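Comments concern the structure below.
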Amino acid sequence: MLSFRNIVFIAVILITSICFAGPELKYGMGWSPKIGVEYPSEYAYFPESETLYDEFSPELSILWDFGSISIGPRMAFLTARENFTGGNYNSMTTWLFGGEFIYNFEMNETGEWLFPIILSTSFADIKYTHKSALANVDFDGTGWSIGFMLGVERFWENRLSLGFILGGRMLKTELSNPNWDIPPKIAGSSWRFEVFGRWRP
């Protein structure tokens with residue numbers, strides 16, 4: 001349990017850090033080519049394994065820019081859907097809430113071109129839906145997401161940027177439904193691509 005003295009000390013450190021940093025808004029659209037889904041063999045009318053294609057994810061981060069690093073909270077929304085074998089409709093939506101750390105490696109002396117190295121970690125709130133002629137089932141769950149990405153970014157007047165990054169993401173999930181003993185498993189680890197921008201007021 002933190003004492004009042006420790007809480008005040010942490011608050012002073014945070015406020016001081018924010019005062020010496022500039023605010024920064026990062027926004028982007030991510031894409032993953034595919035997500036694997038495995039169903040238990042006990043459900044004979046479910047396919048044993050299938051793939052969700054084209055996961056899209058709009059993302060938003062509010063960062064504090066310390067020059068060589070930027071850090072702050074991050075939010076993203078992931079969505080993917082596909083008609084599996086036999087016309088079964090499957091979809092997944094996920095909210096991610098967490099943090100993001102960016103190392104702003106400058107590629108030239110003026111700082112217009114950056115080589116961003118990005119590490120993110122997030123809590124995931126997941127909903128997975130399976131619809132077929134025999135069953136309409138919703139699975140809810142939670143998980144954790146860890147991502148590592150790098151790429152290239154161009155700044156104009158140190159205020160507005162446009163960049164492209166790629167990397168990998170590991171998504172660990174736990175799904176459940178009170179009427180189903182064995183839920184599907186989501187293979188969320190995949191390559192990711194993202195077009196993003198940053199705005200510094």
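Quantities reported herein were computed from a predicted structural model and do not represent experimental measurements. All residue numbers refer to positions in the sequence shown, counting from 1. Side chains included, hydrogens not; waters and symmetry mates left out as well; all remaining heavy atoms used.
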Distance-minimising heavy-atom pair for [X] and [Y]:
X	Y	value
Ile69	Asn104	C-ND2, 3.6 Å
Pro116	Ile102	CB-CG2, 4.1 Å
Leu175	Pro184	CD1-O, 3.8 Å
Ser91	Arg81	CB-CB, 3.8 Å
Leu162	Trp156	N-CZ3, 3.7 Å
Pro23	Pro201	O-CD, 3.5 Å

Practice task
Would you sort out whether Arg192 and Leu166 count as a side-chain contact (heavy atoms from CB on, under 4.5 Å), showing the intermediate values?
Solution key: CA-CA 6 Å; Arg192 283 185 50 72; Leu166 59 88; over 6 Å; no
Beyond-backbone contact of [X] with [Y], side-chain heavy atoms, under 4.5 angstrom:
X	Y	answer
Leu114	Phe155	yes
Trp95	Met75	yes
Phe66	Ile71	yes
Leu60	Leu25	yes

Consider only side-chain heavy atoms of I, L, V, M, F, W and Y, link residues closer than 4.5 Å, and tell whether [X] and [Y] are in one cluster.
X	Y	answer
Val137	Tyr89	no
Ile126	Leu78	no
Phe193	Ile35	no
Met92	Phe77	no
Ile118	Leu63	yes

Exercise for the section: Please confirm whether the backbone N or O of Trp191 pairs with a side-chain atom of Ser32, one donor and one acceptor, at under 3.5 Å? Expected result: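 Judged by distance alone, yes, a pair lies under 3.5 Å.
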Practice task
Ignoring hydrogens and angles, tell me if any N or O in the side chain of Asn177 forms a donor-acceptor pair with the backbone of Asp138 under 3.5 Å.
Solution key: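 Pair found, side chain donor or acceptor close to backbone of Asp138.
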Problem - side chain to side chain donor-acceptor pair (under 3.5 Å) partners of Glu82, counting only residues at least two apart - result: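 Counting only residues at least two positions away or on another chain, Glu82 forms no side chain to side chain donor-acceptor pair (under 3.5 Å).
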Problem - salt bridge (charged side-chain N to carboxylate O under 4.0 Å, His left out) partners for Glu24, two or more places apart - result: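 Glu24 satisfies salt bridge (charged side-chain N to carboxylate O under 4.0 Å, His left out) with Arg198, Arg200 only.
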Handout entry: cation_pi(Lys26, Phe196) dist<6.0 Å, angle<=45
Key =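 The answer is yes, since Lys26 meets both limits relative to Phe196.
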In Å, rounded to the nearest 0.5 Å, how long is the span from [atom1] of [X] to [atom2] of [Y]?
X	Y	atom1	atom2	result
Met29	Glu194	CE	CD	9.5 Å
Leu96	Glu59	CG	CD	7.5 Å
Leu52	Ser190	CG	OG	11.0 Å

Practice task
Might you confirm whether atom CH2 of Trp31 has over 12 heavy atoms from other residues, nucleotides or ligands at distances under 6.0 Å?
Solution key: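 Check passes, neighbour count above 12.
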Practice task
Flag the pair Arg169 and Glu55 as a salt bridge only when some basic side-chain nitrogen lies within less than 4.0 angstrom of an acidic carboxylate oxygen.
Solution key: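 Yes, charged N to carboxylate O under 4.0 Å.
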Exercise for the section: Over 60° means perpendicular and under 30° means parallel, so classify the ring planes of Phe105 and Tyr103, tilted if in between. Expected result: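 Ring orientation, 0 to 90° scale: tilted.
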Exercise for the section: Determine whether the side chains of Tyr128 and Asn90 contain a donor N or O and an acceptor N or O closer than 3.5 Å. Expected result: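 A pair is found: one side chain offers a donor N or O, the other an acceptor, under 3.5 Å apart.
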Practice task
Establish, from distance only, whether the side-chain atoms of Arg74 and Ser122 form a donor-acceptor pair under 3.5 Å.
Solution key: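 Checked: Arg74/Ser122 side chains pair up, N/O donor to acceptor below 3.5 Å.
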Problem - Stepwise side-chain contact (heavy atoms from CB on, under 4.5 Å) check, Arg159 with Trp199 - result: CA-CA 6 Å; Arg159 290 177 57 87; Trp199 176 68; 4.1 Å; yes
For residues 142-151, which side-chain donor-acceptor pairs fall under 3.5 Å, sequence neighbours excluded?
none

